[in-house]
Trainee: 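Encoded as C-alpha cells, here's the structure I'll be asking about.
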Protein chains: 2
Amino acid sequence: MTQSPNRRMGRPRAVTEQAILDAALSQLDTGGAASVSVRGIAAQLGIAPNAVYTYFPNKAAVLRALVERFLGEVNHDRFADRQMPWRERVEALALELRTRLVAHPGAVHLLLGGPMDGPNALMLRESLAGVLADAGATADDAARASYVLVVYVLGAIALEVAGLDHADLTESERITTRRATLDTISTTTYPRTTSTAATVAKYFTTEQFLWGLTHILNGLAPTPEAPAR
Amino acid sequence: MTQSPNRRMGRPRAVTEQAILDAALSQLDTGGAASVSVRGIAAQLGIAPNAVYTYFPNKAAVLRALVERFLGEVNHDRFADRQMPWRERVEALALELRTRLVAHPGAVHLLLGGPMDGPNALMLRESLAGVLADAGATADDAARASYVLVVYVLGAIALEVAGLDHADLTESERITTRRATLDTISTTTYPRTTSTAATVAKYFTTEQFLWGLTHILNGLAPTPEAPAR
DNA sequence: TGACTTTCTGTACGACGTACATATTGTGGA
DNA sequence: TCCACAATATGTACGTCGTACAGAAAGTCA
C-alpha cells in the first residue's frame, strides 16, 4: 500500500492515498455510506477507476483506512490532561467523538462494520482505559468500562444518525405503489437537508446523549471519585 | 404489499411474503448482510428475480420487513412478569435480544441501519420503558433510560459481531497491523483472542455484556430498588 | 539511448437492483 | 360454457458496481 520513500522509480503517482480518502469522505458526506463507490472516487480525482487499486487492494481497504484516519484525528490532549477530574476527561472524549461523527454521519456504519482493531482505534481504547485506571480502577475493570463506554458512544450515534436518515429515506420508500415510476425518486441521491426539525432533534439527542453518559458513569463509579471497583 | 383477503382474483401467488423473508434470513445467516440479494432470494425460491417486486417495492423494504418480523418474535412474556424484580426483567430482555442477534449476526447492521420505527420496535421500547416505570421512574426518565439500554444492547452486539467476522477480510495487511499494534499495547487492555475458538470469545463477551449491563443498571438506579430519579 | 520499474488506462466480465413489456393463470359475469 | 379481467410471473434490458487482466505511458538509472 505505502511505498518506501527510498524506492523512487517508475511512473510517478497521479494522486495520493490521502486524496483518495478525501474523495471517499466527500462521497460519504454528500451521499451516505451506500453511495461511496470506487468509480465515484476515481471520477472525482480524474483518474481511471482501477487506478485506485494501486493505492488500496480493494474498496474495503479504502474504507478501513478512512476509519483509521478519522480516529487518528481525534484530539487526545483534552482528555489526556490528568489535572481534570476523570469524569470530565471521559465526557470530553465522548463529546469530541460525537461531534466528529455527527459531522460525518455515514462514518458510523463504517466504524461499527469493522472490527475496530486498527492502531488508532486501539490507542483510543487504550487512552480511555488509562483515564479510568488513573481514577483508581483496576486494569481489568478499566478495560471493561472502556468497552462499555465505546459501545455507548458508538451505539448512541448510530441510532441517532439512523433516526436522522429517517426523514430522508421515508419520503422515497413510502411510495410503495407497485411499479412506481422512477422519475419521482432516484434512490442513489439523498438530499440530506438540514431542516429545523433535524436541528431540534440534534440538540435533543445531545442532551439525551449526555444524560445517558452521566448515568453510565454513575454506574461505573460506585464512589464519586473513582470508577468501577 | 399485503392484499386484502376479500379481494381474490387473478393469478395466484407462487410464494408468500414470509417465504421471501425466510430466504432473505437464510442468505443473511450464511453469507452475511452484504450477500443478501434479490436475485439470490428469487433463486432460492425458484422464481424470477423481479417476481419479488410483487411482494415488496424494493430490497430495502424486504430488509425492513425482516427486521420487523425479527423484533416481533422477541418473547415479551419473560420480562412482562411484574412479579420479578425490574433488574431481572430488563436483563431477561437484554439477554434474549442478545441471544437472538448472535444467532443472526447479519441482522445487527440492519437494526442499526434503519430508524427502528416499526410497530414491533416501538412496542419493544415501550415495554422496556414500562418496566422502568413500574420500578418507580418518571415517564421521562423511563424513556431516557430505555433509550440508553437499547443503545447499549445493540451497540454491544454490533461491536461483538464486528469483531467476530475478521475472517472474511483480506488477511495480508490485517494480520500485520494487528500484530504491530498488539505488541505496543498491553494485553490487559482488551484481550481479543484470535487463536482460541470462537466459543471462548463468545462466552467472554457474554460475561462482558452482562458486566456492562449490570453497571449501567447501577447507574440508572441510584437506589437498589428503583431506576433513575 | 535503452532497459527496467511503477503506475495508469482500455477493456471486459459477472453480479446487482429494478423498470418495462408481455405472457400466464385463476375468477366472476355473460 | 366461455370470455374479459385482474393479479401475478417471466423475458429482457439498462445502468451501475467491484475488480481482474493486458498493455500503454512515464519516469529513473546504467
Trainee: Taking the side chain as C-beta and beyond, is there a heavy-atom pair between A:Phe56 and A:Val38 under 4.5 Å?
Mentor: no
Trainee: Is the backbone N or O of B:Thr205 less than 3.5 Å from a side-chain atom of B:Glu160, with the two atoms forming a donor-acceptor pair by type?
Mentor: no
Trainee: Atom pairs, N/O to N/O, protein against nucleotides 20-22 of chain D, distance under 3.5 Å?
Mentor:
unit_1: D:dA20; atom_1: N6; unit_2: A:Asn50; atom_2: ND2; d: 3.2

Trainee: Atom CZ of B:Phe56 to atom C1' of C:dG17: distance rounded to whole Å?
Mentor: 16 Å
Trainee: Could you check B:Val38 against A:Ala14 and say which one's nearest nucleotide on DNA chain C is further toward the 5' end?
Mentor: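 Nearer the 5' end of the strand: A:Ala14.
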Trainee: What integer distance in Å separates A:Ile41:CD1 from D:dT16:C1'?
Mentor: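 Rounded to the whole Å, the gap is 15 Å.
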Trainee: Roughly, in whole Å, what's the span from CE in B:Met9 to P in D:dC3?
Mentor: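 Rounded to whole Å, this separation is 16 Å.
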Trainee: Testing the 3.5 Å rule here: is there a donor-acceptor pair between the side chains of A:Arg13 and A:Thr54?
Mentor: no
Trainee: Is A:Ala51 touching bases, backbone alone, or none of the nucleic acid, heavy atoms closer than 4.0 Å?
Mentor: base
Trainee: Just the rounded figure in Å: distance from C1' of D:dT8 to CG of B:Leu45.
Mentor: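 Result: 15 Å.
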Trainee: Say whether, by atom type as modelled, one donor and one acceptor occur between the side chain of B:Gln27 and the main chain of B:Ser37 under 3.5 angstrom.
Mentor: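 Yes; judged by distance alone, with no hydrogens or angles, the pair exists.
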Trainee: Classify the nucleic acid contact of A:Val36 as base, sugar-phosphate or nothing, counting any heavy atom under 4.0 Å across all strands shown.
Mentor: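 Touches sugar-phosphate only.
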Trainee: Do A:Asn120 side-chain atoms and A:Glu68 backbone N/O form a donor-acceptor pair below 3.5 Å?
Mentor: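 Indeed, once roles are kept as given, a pair shorter than 3.5 Å links the two residues.
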Trainee: Looking at B:Arg13, I'd like to know whether one of its side-chain N or O atoms comes within less than 4.0 Å of OP1 or OP2 on D:dT8.
Mentor: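 For B:Arg13, the contact criterion (side-chain N or O under 4.0 Å from OP1 or OP2 of D:dT8) is met.
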Trainee: Under 4.0 Å between a side-chain N or O of B:Ser37 and OP1 or OP2 of C:dC16?
Mentor: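 Yes, within the criterion.
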Trainee: Does B:Ser26 reach the main-chain N or O of B:Asp22 with its side chain, forming a donor-acceptor pair under 3.5 Å?
Mentor: no
Trainee: Can you work out whether A:Pro49 or B:Val15 has the more 5'-proximal nearest nucleotide on DNA chain D?
Mentor: B:Val15
Trainee: If you pin B:Pro12 and B:Gly40 to their nearest nucleotides in DNA chain C, which one's is more 5'?
Mentor: B:Gly40
Trainee: Let me spell it out: for each of B:Arg39 and B:Arg11, pick the nucleotide of DNA chain D with the closest heavy atom. Which residue's pick is nearer the 5' end?
Mentor: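 The answer here is B:Arg11.
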Trainee: Under 4.0 Å between a side-chain N/O of B:Tyr55 and OP1 or OP2 of D:dA9, yes or no?
Mentor: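 Yes, such a contact exists.
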Trainee: Distance check needed: D:dG18 P versus A:Ile47 CD1, whole Å only.
Mentor: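 Rounded to the whole Å, the gap is 13 Å.
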Trainee: Please report, rounded to the nearest Å, how far the C1' atom of C:dG17 is from the CD1 atom of B:Ile20.
Mentor: 15 Å
Trainee: Can you label the angle between the B:Phe209 ring and the B:Tyr152 ring as parallel, tilted or perpendicular, going by 30° and 60°?
Mentor: parallel
